[in-house]
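Okay, here's the structure, questions in a sec.
Residue indices begin at 1 and follow the sequence shown.
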Amino acid sequence: MQLNSDEIQKILPHRYPFLLVDKIIECEPGKSATGIKCVSANEMQFLGHFPQKHVMPGVLIIEALAQTGAVALLSEEENKGKIALFGGIKNAKFKRQVVPGDVLELHCEISARKGPIGIGKAEALVDGKTAVICELTFAIDKES
C-alpha cells in the first residue's frame, strides 16, 4: 500500500509544521512501513538549527521514524482513528548529518506487540547510507 500526504493525514493527527512524512511508499498494516521525507531549507527548524549551517535535528528524524511506524500501526482496522504515542526510544545512534536537499528514507518494522504496546526497529537513510538507527516503543491511546 502507498499513501500520499492527503492519505497520511487521514491516519496521523499531525499537521504542519509537525507532519514529517511526505509519502508512504510501502506499508503492511501492523507490521512495517517505509516513508519518504524531503528535507527543505524552508522548514521552521532551520530558523534556529543552525542559522549558519542547517542541520536537521536528530529528534525530528526520530519523530519522522515514529510517524512512519505509527502509520503501520494505525492502518490496522482496529486502530483507525486512534493516536500512537511515544513509549520510549532506545539505542539511538546518529551516523550522519541530514541537511536541506536530502531525501530521508524512513523504515520502521514492528518487531514486538503486547496489547496496545508495540516496539519498532527503525532506520533513516540518505542515499542508501544510514543516518539514524533506533528502537521505538509505541503506545496506542485507548481513549483517542
Report the distance from atom CZ of F94 to atom CE of M56, rounding to the nearest 0.5 Å.
11.0 Å
So does E123 pair up with K95, basic N to acidic O under 4.0 Å?
no
Same cluster for V132 and L60 if Ile/Leu/Val/Met/Phe/Trp/Tyr side chains link at under 4.5 Å?
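Yes: a chain of side-chain contacts under 4.5 Å links V132 to L60.
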Distance check, rounded to the nearest 0.5 Å: I140 atom CD1 versus L73 atom CG?
4.5 Å
Test of understanding: clusters of I, L, V, M, F, W, Y form through side-chain heavy atoms closer than 4.5 Å, transitively. Do F138 and L19 belong to the same one?
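Shared cluster, yes.
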Minimum heavy-atom distance S75-K80, with the two atoms named:
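In this case the closest contact between S75 and K80 is O-CE, 3.5 Å.
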Correct closest heavy-atom pair for A131 and V98 would be CB-CG2, 3.9 Å
Ignoring hydrogens, what is the shortest heavy-atom contact between L104 and A124? Give both atom names and the distance.
CD2-CB, 3.9 Å
Same cluster or not: I25 versus V103, using hydrophobic residues (I, L, V, M, F, W, Y) connected whenever any side-chain heavy atoms lie under 4.5 Å apart?
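Yes, I25 and V103 fall within the same hydrophobic cluster.
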Enumerate the ring pair (Phe, Tyr, Trp, His ring centres under 6.0 Å) contacts for residues 54-89, please, sequence neighbours excluded, ordered by first and then second residue.
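Residue pairs passing ring pair (Phe, Tyr, Trp, His ring centres under 6.0 Å), neighbours aside: F46-H54.
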Can you tell me how far apart CD1 (I8) and SG (C27) are? Round to the nearest 0.5 Å.
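Between atom CD1 of I8 and atom SG of C27 there are 10.0 Å.
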With rounding to the nearest 0.5 Å, note down the distance linking NZ in K37 to CG in L20.
5.5 Å
Side-chain heavy atoms of E135 within contact of I119, under 4.5 Å
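With C-beta onward as the side chain, the pair touches.
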Under the side-chain contact (heavy atoms from CB on, under 4.5 Å) rule, what do L65 and C134 come out as? Steps first, then yes or no, please.
CA-CA 9 Å; L65 286 165; C134 61; 4.1 Å; yes
Surrounding CD of E26 (heavy atoms of other residues, nucleotides or ligands, distance under 6.0 Å), is the total greater than 12?
no
Minimum heavy-atom separation for A33 and T68, please, with both atom names.
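Closest heavy-atom pair between A33 and T68: CB-O, 3.4 Å.
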Closer than 4.0 angstrom, basic N to acidic O: yes or no for E109 and K121?
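So E109 does not pair with K121 through a salt bridge.
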Intermediate values then yes/no, side-chain contact (heavy atoms from CB on, under 4.5 Å), V39 and V99
CA-CA 7 Å; V39 181; V99 299; over 6 Å; no
Ignoring hydrogens, what is the shortest heavy-atom contact between R15 and L12? Give both atom names and the distance.
NH1-O, 3.0 Å
Surrounding CD of E78 (heavy atoms of other residues, nucleotides or ligands, distance under 6.0 Å), is the total greater than 12?
yes
Return the CD1 to CD distance between I61 and E63, rounded to the nearest 0.5 Å.
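If we round to the nearest 0.5 Å, I61:CD1 and E63:CD are 12.0 Å apart.
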Looking at every heavy atom in both V21 and A64, which two are closest together, and how far apart are they?
CG2-O, 3.7 Å
Applying side-chain hydrogen bond (donor to acceptor under 3.5 Å, both in side chains) to H107 and E105, what does each step give before you reach the verdict?
CA-CA 7 Å; H107 300 284; E105 185 175 325; 2.7 Å; yes
State whether a side-chain donor-acceptor pair under 3.5 Å links E76 with N79.
yes
Do L74 and I83 have side chains that get closer than 4.5 Å, going by heavy atoms?
no
Is I89 linked to F18 within one hydrophobic cluster, defined over Ile, Leu, Val, Met, Phe, Trp and Tyr using a side-chain heavy-atom separation of less than 4.5 Å?
yes
Hey, mind stepping through L106 and I36 against side-chain contact (heavy atoms from CB on, under 4.5 Å) and telling me if it holds?
CA-CA 6 Å; L106 308 158; I36 298 292; over 6 Å; no
Could you go through C38 and D22, starting from their C-alpha distance and side-chain angles, then the distance that decides it, and tell me whether this counts as side-chain contact (heavy atoms from CB on, under 4.5 Å)?
CA-CA 7 Å; C38 299; D22 295 324; 3.5 Å; yes
With rounding to the nearest 0.5 angstrom, report the CD to NZ distance, Q2 to K23.
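These two atoms lie 7.5 Å from each other.
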